[in-house]
Structure formats: C-alpha cells, structure tokens
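For clarity, every value in this text was computed on a predicted model and none was experimentally measured. Residues: numbered from 1 along the sequence shown.
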Amino acid sequence: MNFIDKVIGFLNPSAGLRREISRMQTEAIRQIRVRNTGYSESGASRVKKSLRGWTANSKSPFEDIDLNLDTLRQRSRDLYMGAPLATSAVKTNRTNVVGSGLRLKAQIDYEFLGMTPEQANAWEINTEREFGVWADSIWCDALRLNNFYELQQVALMSWLLNGDGFALIKHVDPTGWMPYGLRIHLIEADRVCNPNSFGITLGVARNEQNGNRILNGVEIDESGAVVAYWICNQYPNSTLATVHPDSKQWVRVEAFGENTGAPNILHLMEQERCEQYRGVPYLAPVIESLKQISRYAEAELTAAVIQAFFTAFIVTKSDNDDAPLFNQTIDPTQRIDQDPSANSYELGAGTINILEPGEDVKFADPSRPTSGFDAFVTAMAKYVGAALEVPYELLTKSFTASYSASRAALLEAWKAFRMRRTWFANDFCQPVYELWLSEAVARGRINAPGFFNDPAKRKAWCKADWNGPAPGQIDPTKEVEAAIKRVSEGFSTRERETIELTGGDWDKNIEQIIRENSLLRMARMSSEEQSEPK
C-alpha cells in the first residue's frame with residue numbers, strides 16, 4: 001500500500017481499522033492511568049516543574065558511601081578544627097556519652113551459676129577491683145599513652161569524626177607490675193583500606209589467595225560475612241618526607257580467632273544501610289550547612305574588625321607619580337612604612353596634614369555586621385542540631401528558655417546519648433572486658449568455674465553494666481523528688497536512680513553512709529562526755 005492509499009484509508013477507516021484505533025486508544029489510556037498512580041503524582045513525579053530537575057540516583061552502599069568516604073573524612077576533620085558548631089557537636093557527644101569513661105559494674109547471673117547473692121556480690125567486687133589493676137594503668141594501651149577510660153574517649157572521637165574506628169587486640173608477656181598481657185591499639189579509619197590503594201577507594205579489590213572481595217579494607221566471603229581487615233602499617237595518604245612509598249605495607253588481620261571466636265579487631269561504627277561495611281562521619285549530613293555558617297560568621301567577623309578601624313581613603317585628582325604629603329608631619333620613628341617613596345598614608349594622634357590641591361579625605365563607615373546575624377545563625381543551628389540529634393540549647397550551650405523547655409531539650413538529647421552509649425559499650429567496652437576476663441580466668445586470678453566449658457556459663461560470668469556520666473539537673477529538687485516517687489511506686493530502683501542522678505554506686509554509697517553515721521555518733525558521744533560536769 002502506497003502513501004496515498006494509507007492517507008485515504010486513515011480518512012475513511014474500515015471497521016477493522018476503527019477497532020484497532022479504539023484498542024490503541026484504550027491501551028494508551030490504561031498506560032497513563034498506571035503511570036499516574038500513587039507516588040508518581042507526588043514525590044516520584046518526573047513531570048512536575050518542582051521535581052523535574054531532581055535527578056537523585058542512589059546505588060549500593062559501597063558506591064554511595066565508600067567511594068565518597070575520603071572526602072567526607074577530610075571535610076569532617078576540617079570542620080572540627082575550624083567550625084565552632086561542629087566542634088561543639090562532636091565534643092558534646094564525647095562528654096555526655098562517655099565523659100570520663102564508662103565504668104564497669106559486674107552483674108553476673110548468680111542464680112544460673114548456683115551462687116547466693118552474698119557470694120555473687122563478693123565475686124563482683126573482687127572482679128571490679130582486679131579489672132581496675134589493668135584498666136587504670138597506661139599498660140592497657142599498646143602505645144602506653146592512655147588508660148582504658150581515656151582510650152574510650154579517643155575511640156569515640158575517632159568514630160564520630162571518621163565514621164568508624166578500630167581497636168586492634170594485642171597480647172604481650174605479663175610483667176612484674178602488670179600481670180595481664182592484653183593490649184589495645186587504636187587506629188584511625190584511614191589505615192583500613194584496600195591494599196596498594198593509598199587511602200583512596202576506586203573500586204572493589206580481591207584477595208588473590210581465596211578470591212574474597214575487599215570493600216574499602218573489609219574482606220568479605222561469598223555470603224557477605226566479614227572475615228578480615230586489611231590494615232596499612234602507616235597512614236596510606238601520608239606525605240611525610242621520612243616515609244618512603246615502598247615502606248607502606250598492608251597486613252591482613254582476621255576478624256575472629258579460628259579456635260576461640262574471640263575478636264582480633266573491634267570495629268566501631270553506626271550502620272545506616274543493609275550490607276554497609278564502613279561508617280559515615282557524624283557530621284556528614286550537615287557538612288555543607290556548617291561550612292556555609294562558618295563562612296558567613298568569618299565574613300561578619302571581618303566586617304566587625306574593619307568597622308572597629310578608623311579607616312580613611314584619600315581621594316585625589318593628581319597624577320599617581322606625585323609624592324603624597326599626608327603623612328609628612330608624622331615622626332619618622334613612628335611611621336610604619338619607612339620608605340619615603342611609597343604611596344602610603346598614615347594617621348597619627350593630633351597631627352596636622354597638608355593635602356595637595358584636588359585631594360580630599362573620606363572615612364569609611366561600613367554598616368556591618370548586619371542586625372540579623374544572630375537570628376540567622378540561631379535558626380541554622382537549630383536545623384543542624386535537629387539533624388545531629390543535639391538540641392540547639394546543647395549545641396550552643398545556651399539555656400535561655402523556660403525550665404520545661406530546657407528540660408525537654410535535655411531529655412531529647414539524652415535519648416541519642418544513651419543510644420550511642422549502648423552501642424559503644426556493646427562494641428568496645430564489653431568485648432574488651434570479656435577478653436580481659438578470659439585472660440584473668442586462664443591465669444587463675446579470677447575463679448569462674450565452667451567459664452571455658454559452657455558458652456552459657458561464660459555469658460553468665462561476663463554479664464555487666466557500663467555506667468557513665470549522668471544527665472545534668474536543671475532543678476535538682478524536682479529531680480530528686482521525682483526519683484523518690486519512682487522508687488516508692490516500684491517504677492525504678494535506688495541503684496538506677498543513683499546512677500541517673502549522680503553517676504554513683506548505691507551499694508558503695510550505703511557503705512560510706514554507715515561508716516559516716518558511725519563516726520558521727522562517736523563524735524557526738526565524745527562531745528557529750530566532755531560537756532558533762534565533773
């Protein structure tokens with residue numbers, strides 16, 4: 001059929017053609033109805049003008065996170081070192097999550113272990129005392145710089161700044177002053193990377209010996225389970241003159257011991273997505289906002305400094321080669337610029353200056369900083385604080401609202417602090433304690449029958465709580481009254497309330513109170529005896 005026949009057939013369609021056209025129209029309508037359903041007319045729309053240019057394209061966690069980690073880490077560290085709000089966000093978490101360090105409170109399952117409460121209490125006190133021998137000493141640190149509680153602060157800061165942190169488990173021979181050989185070696189996230197990558201992740205590497213994939217220093221098997229970590233013996237992107245490129249070597253560290261299942265390395269991170277093997281820096285969601293706030297603050301600060309100066313500008317119609325006379329009356333010993341030929345002007349106290357014909361003096365009067373600076377920064381700080389789960393009041397350390405509002409801000413912040421404290425205790429403190437307790441039992445310094453024979457008994461012996469700094473009280477009287485009511489109604493215990501209010505130990509407090517009351521009674525009796533007439 002030629003073109004003319006097709007046109008004529010279209011203008012005068014047959015019954016069959018009419019049916020085909022009707023079918024095509026029905027199909028087109030059906031496709032339109034299918035396409036314009038649900039989110040296709042809202043958040044997933046590609047035709048609305050407000051969303052047409054939004055070309056979001058998220059891929060795998062490795063592509064979205066790992067390939068951008070180096071840039072995120074560098075910018076996160078730079079903000080911590082130069083942006084006050086970023087520094088406050090990180091340090092506020094450090095101070096409230098671990099503070100001076102999470103303290104061990106052994107809580108063994110004495111009923112399962114067939115012990116009486118008195119026996120369990122004696123075992124727990126002795127274990128806590130023995131743990132202090134190791135934890136209170138810098139010999140627990142492989143670098144001999146910090147004790148265990150100071151290591152917690154460094155580990156948490158590394159986790160927040162870099163997205164994740166690592167602790168290598170090492171063992172050395174005991175000494176006369178340290179009966180334990182367990183050592184903790186903290187390393188930053190940069191050193192865990194693909195072999196020969198020099199800190200920059202460009203793709204997935206392979207372990208040539210077993211074929212396992214290596215994702216940014218994390219080796220996984222066919223099922224996706226972590227089996228090892230690849231660690232560089234120094235910072236891979238370091239440019240120190242003393243470091244030769246050939247001296248950089250990568251060592252494969254198995255994640256768990258083959259015989260014991262105990263960890264050889266502890267990985268601290270907050271996981272956001274499934275199958276995510278490396279953490280994202282804490283400041284990552286607000287990097288752009290914090291940088292813009294920092295730039296704005298620097299610009300306003302510069303404007304304020306300039307406004308504080310008595311700035312003068314010389315307006316002249318003379319040639320540039322003419323020698324200025326503005327500063328000729330200033331004592332040469334007081335001049336900043338000693339070059340008489342320099343085209344510079346200086347101001348002096350009580351000076352009389354002679355200007356050339358055609359020259360005039362105008363003084364700068366900048367109208368900065370702007371009056372809306374504080375309001376704008378405050379509003380941005382609220383947005384940043386919401387993203388980081390740190391209320392504005394804590395982020396800026398400014399409590400100017402009512403008691404109820406300030407207390408609500410503290411309570412909201414402590415939800416996030418407690419969550420991170422639990423994660424940190426589970427990923428760092430508890431594993432380290434279990435490794436230490438295993439060594440203590442093996443060396444005979446702690447008696448724990450069945451520890452190595454039954455995993456259930458081992459878990460019962462290792463149960464513990466990790467207590468840290470307590471939330472502050474805005475109104476201590478109201479806080480204490482509320483705690484008393486919770487205890488009296490059975491909603492809480494004296495031990496928990498003591499931890500929440502002061503971070504102390506209720507059992508030790510009672511022992512100290514008994515001792516103090518005894519001493520007080522003795523003092524009163526002695527005073528009464530001395531006051532009686534002879």
Side-chain angles (χ1 to χ4, degrees), residues 21-80 83 85-86 89-90 160-164 200-204 215-216 224 269-300 370 372-392 395-396 409 412-413 415-416 419:
I21 293 175
S22 177
R23 188 192 64 78
M24 294 175 62
Q25 290 176 342
T26 302
E27 179 64 19
I29 293 173
R30 188 188 69 80
Q31 292 181 358
I32 292 175
R33 288 177 177 174
V34 170
R35 185 170 62 250
N36 295 337
T37 60
Y39 285 106
S40 62
E41 282 299 293
S42 55
S45 175
R46 295 182 180 272
V47 296
K48 287 186 176 180
K49 291 184 178 180
S50 59
L51 301 175
R52 188 177 299 172
W54 192 350
T55 57
N57 185 22
S58 179
K59 298 181 180 179
S60 68
F62 177 79
E63 294 168 289
D64 291 348
I65 296 175
D66 293 51
L67 297 181
N68 299 305
L69 267 181
D70 182 64
T71 302
L72 291 176
R73 286 181 194 141
Q74 307 310 323
R75 291 177 176 176
S76 178
R77 293 172 186 168
D78 182 69
L79 286 173
Y80 174 75
L85 283 180
V90 174
L160 295 174
L161 283 178
N162 304 313
D164 47 14
I200 301 177
T201 302
L202 300 177
V204 179
L215 304 178
N216 205 356
M269 77 166 184
E270 180 179 345
Q271 191 172 359
E272 297 179 351
R273 297 175 59 182
C274 302
E275 298 181 338
Q276 174 188 340
Y277 296 99
R278 298 303 300 268
V280 180
Y282 174 63
L283 299 176
V286 293
I287 282 179
E288 182 179 3
S289 299
L290 288 172
K291 187 60 178 177
Q292 294 292 64
I293 294 174
S294 179
R295 286 171 174 165
Y296 179 42
E298 290 176 1
E300 292 296 328
T370 59
F373 170 77
D374 183 67
F376 176 77
V377 173
T378 299
M380 290 302 300
K382 291 180 180 179
Y383 290 127
V384 170
L388 299 179
E389 295 185 292
V390 179
Y392 159 75
L395 197 62
T396 60
E412 192 65 26
K415 293 179 183 178
M419 177 185 66

Taking D164 for the side chain and G279 for the main chain, is one N or O donor matched with an acceptor at less than 3.5 Å?
yes

Check: N216 main-chain N/O paired with R278 side-chain donor or acceptor under 3.5 Å
yes

Distance, nearest 0.5 Å, that separates [atom1] of [X] from [atom2] of [Y]:
X    : Y    : atom1 : atom2 : value
S60  : L67  : OG    : CG    : 7.5 Å
D78  : R73  : CG    : CZ    : 16.0 Å
F373 : T378 : CZ    : OG1   : 9.0 Å
L160 : E270 : CG    : CD    : 9.0 Å
L72  : I287 : CG    : CD1   : 5.0 Å

More than 12 non-hydrogen atoms from neighbouring residues, nucleotides or ligands closer than 6.0 Å to CD on Q271, yes or no?
yes

How would you list, by chain and number, every residue that makes a side chain to side chain contact (heavy atoms under 4.5 Å, CB included) with K59, sequence neighbours excluded?
N57, E63, D64

Are the side chains of R75 and L283 in contact, using a 4.5 Å heavy-atom criterion?
no

Within the 4.5 Å heavy-atom criterion, are P281 and L69 side-chain neighbours or not?
yes

Smallest separation among heavy atoms of L395 and L85, with atom names
CD1-O, 3.8 Å

Strictly under 6.0 Å, is that where the ring centroids of F62 and Y277 end up?
no

Do any pairs count as a side chain to side chain donor-acceptor pair (under 3.5 Å) and have a residue in residues 279-290, sequence neighbours left out, and if so which ones?
N93-Y282

Could you walk me through whether R295 and E298 pass salt bridge (charged side-chain N to carboxylate O under 4.0 Å, His left out), step by step?
CA-CA 5 Å; R295 286 171 174 165; E298 290 176 1; over 6 Å; no

Please tabulate, one pair per line, all N/O donor-acceptor pairs under 3.5 Å involving side-chain atoms of residues 379-391, not counting sequence neighbours.
{"residue": "E389", "atom": "OE1", "partner": "R420", "partner atom": "NH2", "Å": "3.4"}

